[in-house]
Number of protein chains: 2
Amino acid sequence: MDEAKTGRRDRKKQQTRQALIEAALRLVDERGLEHVTVEDIADAADVSPRTFFNYFASKDEAITGDLFVEDDGTGERLLSAAPGVPVVEAFLNAMAPGLTAMQDDRDVWFLRMRVMEANPSLVMSLIARSSAAENQLVRVVAKRLGLPQAHPYPAVFAAAAGGAVRTAMMRWPSARRPLTDLVDEAFSYLATGLADPQNEQDPADPINERRNEL
Amino acid sequence: MDEAKTGRRDRKKQQTRQALIEAALRLVDERGLEHVTVEDIADAADVSPRTFFNYFASKDEAITGDLFVEDDGTGERLLSAAPGVPVVEAFLNAMAPGLTAMQDDRDVWFLRMRVMEANPSLVMSLIARSSAAENQLVRVVAKRLGLPQAHPYPAVFAAAAGGAVRTAMMRWPSARRPLTDLVDEAFSYLATGLADPQNEQDPADPINERRNEL
DNA sequence: TAAAAGTTTGCAGGCACTGCAAGTTCGACC
DNA sequence: GGTCGAACTTGCAGTGCCTGCAAACTTTTA
């Protein structure tokens, strides 16, 4: 268990956090976002409403979850990629650990996605929140390429990459494929300069050998 | 004056709307978002606070403004582009009228951008709101290409295109160039598949012949 | 076991936003 | 020109998110 650092305190905190997340997801899934108050969630997790806000800055945050991009080492990994590697490739590599972490947590994420699809304002909330992560990405990409802050490339890159990841996430529950596949696929459209897609190789999609692994 | 349809009523409505927008922008510019209440804005525009919400669904909406993508004919123009034209090109053409409209309104838009830069939560709000426009774009692109709803291309396209437009908008006030230029530039990075940018042709940027037109 | 450090909770309050119903203004049609 | 109906404004009352503060409480450290 590499859960918390040490001691009962952190363990308890982690438990409370989990309880709040689960309560939030379950209740909103059952009743819909606007029929669940923060008080409901807090009650279900058996803490005071005030405590809820010690853990999450907003009701939405408990539901949409932390974007893996935010605090994990994606930025550092991108910066420490070998010098010759193009940014797109370095980014995909840097993201891989985060993606597999999500893959391991897929039950929660699938539920999240379902809840978001059913409550569009949550999608907006997620997008807004991921824009903060994008800002960090802008800085990292600029740094890696030695470009000035005002250069447009990092901003375009971050916006497009963020969008590609987001669409992959959205498709994930219904497409029965690993998240990394979907991300790669999304990036392949970017790689071709968003050229009109080829007619899919074969309407009878021969690659459909049910990938049960996920 | 092609302002309102007819009559004093619509004229008055348009005036009220403008007054609210101007009041909102001015006050938030002066004091910062969190030191301006809806009541302040309504007072400054000389209407009741309740009336404010007859015009805007949220405080943010009065400030961030309507995205031109939303209701104007961009979608229709995209769909009615000549058959052979690639989507990227068709999209840029379809957007042109909206962009020049913004160019004509540039004073307001510059103020908006300044206010947004100073109040990051407004940027998030704008991004969230533009995601609604992106959804429409997804459908339009899918329709134009005859792709099924589940196909990833339209979603990736919309996310990337939306991001490109957004970064162009953000750069607009500081870059002293027409918005269309900035949009084209952003799309040029997408067109190359987000390849690492060339070292800028010349650090002494010879294209800098001050474009005063804007 | 006592002090320190971190967490939870209640309380009071600000503010965004909503539905409703009453009042007001405007346009249309006679 | 007067009247009716539609559209718009307003006040009111209420819900619920979110915040700061200070008092309890719990865990860690010494």
Side-chain angles (χ1 to χ4, degrees), chain A residues 3-21 23-25 27-28 30-64 115 119-122 124-126 128-129 132, chain B residues 3-21 23-25 27-28 31-65 115 119-122 124-126 128-129 132:
Chain A
E3 289 226 313
K5 295 251 169 80
T6 125
R8 155 138 78 249
R9 185 112 100 204
D10 304 78
R11 226 175 310 130
K12 203 119 200 285
K13 245 191 131 185
Q14 203 53 33
Q15 280 174 5
T16 304
R17 185 185 191 78
Q18 272 315 113
L20 283 169
I21 291 175
L25 282 174
L27 290 176
V28 175
E30 286 170 9
R31 304 190 210 156
L33 183 64
E34 50 274 44
H35 298 108
V36 177
T37 68
V38 169
E39 195 180 351
D40 294 336
I41 300 171
D43 281 358
D46 203 36
V47 291
S48 82
R50 186 63 186 81
T51 297
F52 177 93
F53 290 105
N54 291 339
Y55 285 85
F56 304 101
S58 72
K59 183 172 139 182
D60 289 1
E61 192 174 316
I63 302 163
T64 57
V115 165
N119 301 275
S121 77
L122 289 174
M124 295 194 190
S125 197
L126 175 74
R129 256 150 58 60
Chain B
E3 288 226 313
K5 295 253 169 80
T6 124
R8 154 137 79 248
R9 203 176 216 129
D10 306 77
R11 227 174 310 130
K12 200 117 203 284
K13 243 190 133 188
Q14 203 52 34
Q15 280 174 7
T16 304
R17 186 183 191 78
Q18 273 315 112
L20 283 170
I21 291 175
L25 281 174
L27 290 175
V28 175
R31 304 190 210 157
L33 183 64
E34 50 272 46
H35 298 108
V36 177
T37 68
V38 169
E39 195 180 351
D40 293 336
I41 300 172
D43 282 358
D46 203 37
V47 292
S48 82
R50 187 63 186 82
T51 297
F52 177 93
F53 290 104
N54 290 340
Y55 284 85
F56 304 100
S58 71
K59 182 173 141 183
D60 289 1
E61 192 174 316
I63 301 164
T64 57
V115 165
N119 301 276
S121 78
L122 289 174
M124 296 193 190
S125 197
L126 175 74
R129 255 151 57 61

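Throughout, a chain's letter reflects where its sequence line sits, starting with A, and its residues are numbered from 1. Just so it is clear, the values below take in all heavy atoms, side chains as well, and ignore hydrogens, waters and symmetry mates.
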So which protein nitrogen or oxygen atoms get under 3.5 Å of nucleotides 20-24 of chain C's nitrogens or oxygens?
none

Exercise for the section: Please determine if a side-chain N or O atom of A/Thr51 lies less than 4.0 Å away from the OP1 or OP2 oxygen of C/dT9. Expected result: yes
Exercise for the section: Heavy atoms only: give me the nearest B/Ile41-B/Ala23 pair and the separation to one decimal. Expected result: O-CB, 4.0 Å
Handout entry: Spacing between A/Phe53 atom CZ and C/dG10 atom P, to the nearest angstrom
Key = 15 Å
Exercise for the section: Send over the distance from B/Tyr55 OH to D/dC8 P, rounded to a whole Å. Expected result: 8 Å
Exercise for the section: Rounded off to whole Å, could you give me the CG-to-C1' distance for the B/Leu33 and C/dC15 pair? Expected result: 12 Å
Problem - A/Arg129 with A/Asp60: basic N within carboxylate O range, under 4.0 Å - result: no
Handout entry: Protein-nucleotide distance (B/Phe52, atom CZ; D/dT10, atom P), rounded to Å
Key = 14 Å
Completion exercise
When rounded to whole Å, the CG to C1' distance for the pair A/Asp60 and D/dC18 reads 12 Å
Handout entry: Atom-pair distance (CD on A/Glu34; C1' on D/dG14), nearest Å
Key = 18 Å
Handout entry: Shortest side-chain distance from B/Ser48, nucleotide among C/dC17, D/dC18, D/dT10
Key = D/dT10
Practice task
Side-chain contact test, heavy atoms from C-beta onward, threshold under 4.5 Å: evaluate it for B/Leu33 versus B/Lys59 and give yes or no.
Solution key: yes
Problem - Side chain proximity check, B/Leu122 to B/Leu126, heavy atoms < 4.5 angstrom - result: no
Problem - Side-chain heavy-atom pair A/Glu34, A/Asn119 within 4.5 angstrom cut-off - result: yes
Exercise for the section: Take nucleotides 24-30 of chain D nucleotide by nucleotide from the 5' end and write B, S or -, depending on whether a protein heavy atom sits under 4.0 Å from the base, only from the sugar-phosphate, or from neither. Expected result: --BBS--
Problem - pair B/Tyr55-B/Lys13: side-chain heavy atoms closer than 4.5 Å - result: yes
Completion exercise
When rounded to whole Å, the CD to C1' distance for the pair A/Glu61 and D/dC17 reads 14 Å
Problem - Residue mapping more 5' on DNA chain C - nearest nucleotide basis, A/Val47 or B/Thr37 - result: A/Val47
Handout entry: Under 3.5 Å donor-acceptor, B/Thr51 side chain and B/Val47 backbone
Key = no
Exercise for the section: Please report, rounded to the nearest Å, how far the P atom of C/dA16 is from the CG atom of B/Leu20. Expected result: 14 Å
Practice task
Using heavy atoms to find the nearest nucleotide of DNA chain D for B/Lys13 and B/Pro49 separately, return the residue whose nucleotide is more 5′.
Solution key: B/Lys13
Completion exercise
Tightest non-hydrogen contact, residues A/Ala128 and B/Ala128, listed as CB-CB, 4.3 Å
Handout entry: Heavy-atom pair of closest approach, residues A/Ala62 and A/Phe52
Key = CB-CZ, 3.7 Å
